[in-house]
There are 2 protein chains.
Amino acid sequence: MDSEELRNAGLKVTTPRLKILTLLEKSAERHMTADTIYRLLVEGGEVIGLATVYRALAQFEAAGLITRHHFDSGQTVYELERGPHHDHIVCIRCGRVEEFYDKVIEERQREIAASLGFTLSDHALTLYGECNSQDCPGRQG
Amino acid sequence: MDSEELRNAGLKVTTPRLKILTLLEKSAERHMTADTIYRLLVEGGEVIGLATVYRALAQFEAAGLITRHHFDSGQTVYELERGPHHDHIVCIRCGRVEEFYDKVIEERQREIAASLGFTLSDHALTLYGECNSQDCPGRQG
DNA sequence: TATTCAAACGATAATGATTCTCAATATAGA
DNA sequence: TCTATATTGAGAATCATTATCGTTTGAATA
Ligand SMILES: [Mn+2]
Ligand SMILES: [Mn+2]
Ligand SMILES: [Zn+2]
Ligand SMILES: [Zn+2]
């Protein structure tokens, strides 16, 4: 249950936190902005403040429950930390986000950091391009 | 001369643009925020507006004279487009930025995009870690 | 060289995302 | 159930960036 996750993370089990966590789990879109989360909850009839959403997301991230990404769109997007690490490719036309993991790239990153005298602690890799989805506007066809 | 660069880029040769371009060329730090550029110019006795700096940087970028990066620090940083493409590693303690280019990673990116049905147009890769610089605060020793 | 006018400028207001403040409320433990 | 404390929601504040607007300037032309 979500209450468990919050307790394990050292966070009090509160109604707003449960609402947000549940939304993150059930939503079809894995990558969402704070405002999107806020809006979805409000549209769903919930009473919650935008500041609370931001606060909860910051706490979830500190607890390792979620990760945040800065795609070029400007806003920060959040996603539930489930499964192994991965990076992203974003369609510059329709915004679709796909995930990938590449062992070779991950290894090279470690080697590069080491060769430059850095102790690697994190990385951000995002690819941008045009997708071939049937729903993507601007597809030649 | 810098005037040449502006003309070739299809931009009028104006005093503010020359000041900014010259600063970008002469500054020891290759990666700077708009505000840093503005402040350095003002401190140097120049009269210029922050809005003008932002405008000029946007035009320079559109003209391919500079590139912009979004490191996790929040603000956008700009750098003169000189030499070949490269990515960055940033020290999370002192903010030092080093550049690198890795052929293997670049190739893998193309392959990954293709395998996911994307036409790759750009990418952003930034590594984060702790550097071993003598000047880096928090170094053990 | 003087004239002209669209482009560019600088000051400042506006915007959008995120964070802070604070009085009211809810949680976890006694 | 009672209490101390953490959390909440509304709205103000902040920070980076962009838009507005009256004035100035670059560069083409007379
Ligand atoms: Mn993801
Ligand atoms: Mn660089
Ligand atoms: Zn698409
Ligand atoms: Zn350092």
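Keep in mind that what you see is a predicted model, and the values were worked out from it rather than measured. Excluded from the calculations below are hydrogen atoms, water molecules and symmetry mates; all remaining heavy atoms, backbone and side chain alike, are included. Here is the naming used below: chain letters follow the sequence lines, and residue numbers restart at 1 for every chain.
- When the side-chain nitrogen and oxygen atoms of T15(A) are compared with OP1 and OP2 of dT27(C), one or more of them lie within a distance under 4.0 Å.
- Contact annotation: T76(B) side-chain N/O to dT17(D) OP1/OP2 distance is under 4.0 Å.
- Contact check, T14(A) against dT8(D): a side-chain N or O comes under 4.0 Å of OP1 or OP2.
- Taking atom CD of E46(A) as the reference point, atom C1' of dG9(D) lies 15 Å away to the nearest angstrom.
- In this model, the phosphate group of dT19(C) is not approached by any side-chain N or O of Y54(A) to a distance below 4.0 Å at OP1 or OP2.
- Taking atom OH of residue Y38(B) and atom C1' of nucleotide dT18(D), one finds them 16 Å apart after rounding to whole Å.
- dT21(C) atom C1' lies 10 Å from atom CZ of R55(A), rounded to whole Å.
- Contact of R17(B) with dG26(D) (side chain to base): no donor-acceptor pair of N or O atoms is detected under 3.5 Å.
- For the pair T52(B) and dG10(C), the criterion of a side-chain N or O lying under 4.0 Å from OP1 or OP2 is met.
- In terms of position on DNA chain D, the residue among L11(B) and L50(A) whose nearest nucleotide sits closer to the 5' end is L50(A).
- Rounding to whole angstrom units, CG of residue L41(A) and P of dT8(D) are separated by 13 Å.
- Note: NE2 (H70(B)) to P (dA16(D)) measures 14 Å, nearest angstrom.
- Comparing dG26(D), dT17(D), dT18(C) against the side chain of Q75(A) picks out dT18(C) as the nearest.
- Interatomic distance, E130(A) CD to I92(A) CD1, rounded to the nearest 0.5 Å: 4.5 Å.
- Comparing A58(B) and V13(B) against DNA chain D, the residue whose closest nucleotide sits nearer the 5' end is A58(B).
- The NZ-P distance, from K19(A) to dT7(D), rounds to 16 Å in whole Å.
- Comparing K12(B) and I48(B) by the nucleotide of DNA chain C whose heavy atom lies nearest to each, the residue mapping closer to the 5' end is K12(B).
- Formation of a donor-acceptor pair under 3.5 Å by the Y128(B) side chain with backbone atoms of D72(B) is found in this model.
- With no hydrogens or angles considered, a side-chain donor-acceptor pair links R55(A) and T52(A) at under 3.5 Å.
- Checking side-chain atoms of S27(B) against main-chain N and O of L23(B) turns up no donor-acceptor pair under 3.5 Å.
- Between E111(B) and R108(B) there is a salt bridge, since at least one side-chain N of the basic residue sits less than 4.0 Å from a carboxylate O of the acidic one.
- Counting to the nearest Å, the P atom of dA17(C) and the CG atom of L57(A) are 15 Å from each other.
- Between L6(B) atom CG and dA7(C) atom C1' the separation is 14 Å, expressed in whole Å.
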